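One structure is given here, and the rest of the page talks about it.
Each chain gets a letter, A, B and so on, in the order the sequences are listed, and its residues count up from 1. Any value given below was found using the heavy atoms of this structure, including those in side chains, with hydrogens, waters and symmetry copies removed. All of these numbers come straight from a predicted model, not from anything done at the bench.
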Amino acid sequence: MDATRPPNCVPNKIGNRRPARQNARFRMKWTQTLIPTLREAPSDAEIVSHKLLLRAGLIRKLAGGVYTFLPLGLRSLRKVEQIVREEMDRAGANEVLMPALQPPEIWEMSGRAETASNVLFKVKDSAGRQWFLSPTAEEVITTVAANEINSYRQLPKNFYQISLKFRDEIRPRFGLMRAKEFIMKDAYSFDATDEGAMASYKKMYDAYTRIFARCGLKAFPVEADTGVIGGNYSHEFMVPAETGENEVAFCEACGYAANIEKATSGVPKTAAREIGAAAEKFATPGVVTIEALSKEPYKVPANRQIKTLVYIADSQPIIILIRGDDQLNETKLMAKTGAVAVRPATVDEIVPLLGAKPGSLGAVVNVPASVKVYADERLQDANDMTTGANEDGFHFKNVSMERDIKVSAWFDLRTVTAGEPCAKCGKPLKIRRAIEVGHVFKLGTKYSEKLNATFLDVDGSRKPSVMGCYGIGVTRTLQAIIEQGNDKDGVIWPLSVAPYQVCITPLAVAPESEPMKLAEKLYAELTAKGVEVILDDRDERPGVKFKDADLVGFPIRIAIGEKALAKGEVEIKPRTAPVQFVKIDGAVEAVLALAKTI
RNA sequence: CGGGGCGUAGCGUAGCCCGGCUAGCGCGCUUGCUUGGGGUGCAAGAGGUCGCGAGUUCAAAUCUCGCCGCCCCGACCA
């Protein structure tokens, strides 16, 4: 399940990349740039990666959910972008750049002006014209395809961009994790056939696996809900982290993994029993919870109760029935019913509808014909159940789903819980939190139909392109790398995305001092080999420089002090391994060799 | 948007309940000396509209009201 490094890709390559000469990209002196490290984290940072982004001088906050990338942060960001770019190119995608400023008309056409309204950043120009700041670009790229792709001969095509995206987050959180603006890579594939679209999807899926591996991330794909973006097949790439905002159910035995919003399990249906001839009403004064009904004197186990929920789905009230010991999964509810917006009904909406308050609700009697009843599949064939009587203070027992309740449709609506048997292999499922760093969707023809992205097929018929879309949260990925790679001293960068690969730390910085002279020499030699080096030329005490180097997290540090120098040695210290002393003449080679093992 | 919390120097904070301030401390910053292999030591400094605005009062960082910003939980989330 862990994404491992693909065999034929060579990440973390160091040295001999190209003749660097004096290329500024490869070298920097600490005093030339700005690395404002902080001994203490600002109090508004909560999670470790956010604190370290600030403490290591990588970013600064301008406003809630809006950040400046400082020089070091930008270097790492660019490296992530470059990895994404290389792998997208390798997978045959074409880089484009689309406008951030988008006219509402195309969003009206796709229907997302309404369905995505709550996250759309809306701005007006001085003429009063409305614009949307792009959260993603399905509408734009599909418009391009509509205008420029006319023949099956031009397909398949895949376009991507890496650009600033905007989202009107109601609550920005955790630094770059959930920001109002962020860098995203979005790609869009167009195919003539469904099989072609699947192949395009697979290419992106594989590219994502490579990308995250090259970023040093343990990311793994999980089955995912498609949300308002639409489509019918989707995977998210998840980085395990306790601070993640997603929950993932997975099976270590067979590899099944799915977002909790989507996950299913092999839990048994509710066993049928011998029951009486009819449902029977009984008094339950003051009992308004599953919990209370399961205790004395009623003693109805939660798994023999039917939980009745009233929701408003796209302005229409609906009833949802799930087992007393289960939790409704709202994402599944939306996915299965096709509703765009759902919310629990309020007490004021429920009472006129069913005649009772929450806690005494049921679907046996007094359900208006216009109200659809959706029941969780786990209740199919269930009987000997207890449920509310739609009369405050009363419940029914001896309830049979089949006999006593008119169900409009059966769906899988429950949320899986840890320990349930895997639907595929029966072994217990586990659940853990994770950060979503990428998402691939098979879109189908939803956008191509609405925006007229059609082409002439071999047989002369006009067909909509079959689309896919593929996102990577680049800035979020950067933070996920830090969330996954850190210790008490600071960031632990993978070599591939570290702002600089090597930090040279001379313990004396006077230009004619022996340590500084050697530092300059190694700096020049390593740079010439294509190694990215920062030279800490600050006139600071050793402790300060070591602490800062650890905090920023350079993968390799070379310390040059009088003591080792007297023995003709320098000190090479990998960020996460013990120090080694090497002869001065072999220092460059030693660094190059070491880099191959990181 | 609902609930909770917080805004005092670049960062972290004390003071606020119980009004009396010339607003204290640590880190950072400047200067000098010192030290020189894991955030040296000493000394002298600079730096504050106490988030903003009104009000109460002889007197407001402190009490009241309004606003703004930030953080957390929830809702929401391509």
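Look at the P atom in both B:G10 and B:C6: the space between them is 22 Å, to the nearest Å.
Taking only distance into account, the side chain of A:Arg557 meets the base of B:G38 through a donor-acceptor pair shorter than 3.5 Å.
Remark: P of B:A78 and OH of A:Tyr188 are 14 Å apart, rounded to the nearest angstrom. Between A:Ile170 atom CD1 and B:G3 atom P there is a gap of 15 Å when expressed in whole angstrom units. If you measure from atom OH of A:Tyr160 to atom C1' of B:A78, you get 21 Å, rounded to the nearest angstrom.
Counting non-hydrogen atoms under 4.0 angstrom, A:Asp168 reaches nothing in the nucleic acid. The residue A:Pro42 sits close only to the backbone: its heavy atoms come under 4.0 Å of sugar-phosphate atoms, none of a base. Nucleic acid contact for A:Leu38: none, since no nucleic acid atom lies under 4.0 Å from a heavy atom of the residue. Within 4.0 Å (heavy atoms only), A:Glu236 reaches no atom of the nucleic acid at all. Within 4.0 Å of A:Ala41, counting heavy atoms only, lie sugar-phosphate atoms of the nucleic acid but no base atom. Nucleic acid contact for A:Arg178: base, since at least one base atom lies under 4.0 Å from a heavy atom of the residue.
Considering only heavy atoms from C-beta on, A:Cys469 comes within 4.5 Å of A:Glu138 through its side chain. Here the side chains of A:Pro36 and A:Leu70 are in contact, with some heavy-atom distance below 4.5 Å. Contact of the A:Glu436 side chain with the A:Arg476 side chain is registered, since non-hydrogen atoms from C-beta on lie closer than 4.5 Å.
A:Asp314 meets the side-chain hydrogen bond (donor to acceptor under 3.5 Å, both in side chains) test with no other residue; sequence neighbours excluded. Residues passing the ring pair (Phe, Tyr, Trp, His ring centres under 6.0 Å) test with A:Phe166, sequence neighbours excluded: none. Take A:Lys357 and apply the side-chain hydrogen bond (donor to acceptor under 3.5 Å, both in side chains) test, not counting sequence neighbours, and it matches no residue. For A:Phe190, there are no ring pair (Phe, Tyr, Trp, His ring centres under 6.0 Å) partners, not counting sequence neighbours. With sequence neighbours left out, A:His439 forms a ring pair (Phe, Tyr, Trp, His ring centres under 6.0 Å) with A:Phe441. Partners of A:Phe69 according to the ring pair (Phe, Tyr, Trp, His ring centres under 6.0 Å) rule, which considers only residues two or more places apart in sequence or in another chain, do not exist here.
Between A:Tyr67 and A:Phe182, the distance separating the two ring centers is not shorter than 6.0 angstrom.
Crowding of A:Lys203 atom NZ: a count of heavy atoms from other residues, nucleotides or ligands under 6.0 Å not exceeding 12.
For RNA chain B, the residues of residues 563-579 of chain A within the heavy-atom distance limit of 4.0 Å (strictly under) are A:Lys563, A:Glu571, sorted by number. Against RNA chain B, the stretch residues 546-554 of chain A makes heavy-atom approaches under 4.0 Å through A:Phe546, A:Lys547, A:Asp548, A:Asp550.
Relative orientation of the A:Tyr201 and A:His235 rings is tilted, given thresholds of 30° and 60° on the angle between their planes.
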Mind listing the N/O atom pairs, protein and nucleotides 68-71 of chain B, below 3.5 Å?
| from | atom 1 | to | atom 2 | distance (Å) |
| --- | --- | --- | --- | --- |
| B:C70 | OP1 | A:Gly64 | N | 2.9 |
| B:C70 | O3' | A:Lys61 | NZ | 3.1 |

Pick out the pairs of N or O atoms, protein on one side and nucleotides 26-33 of chain B on the other, that lie under 3.5 Å.
| from | atom 1 | to | atom 2 | distance (Å) |
| --- | --- | --- | --- | --- |
| B:G26 | N2 | A:Glu40 | OE1 | 3.0 |
| B:C27 | O3' | A:Arg39 | NH2 | 3.3 |
| B:C27 | O2' | A:Arg39 | NE | 3.3 |
| B:G28 | OP1 | A:Arg39 | NH2 | 3.2 |

What's touching nucleotides 42-50 of chain B from the protein side, N or O pairs under 3.5 Å?
none

Intra- and inter-strand pairing of RNA chain B, written as dot-bracket with Watson-Crick and G-U pairs under 3.5 Å and | for the latter, reads (((((((..((((......[...)))).(((((.......))))).....(((((..]....))))))))))))....
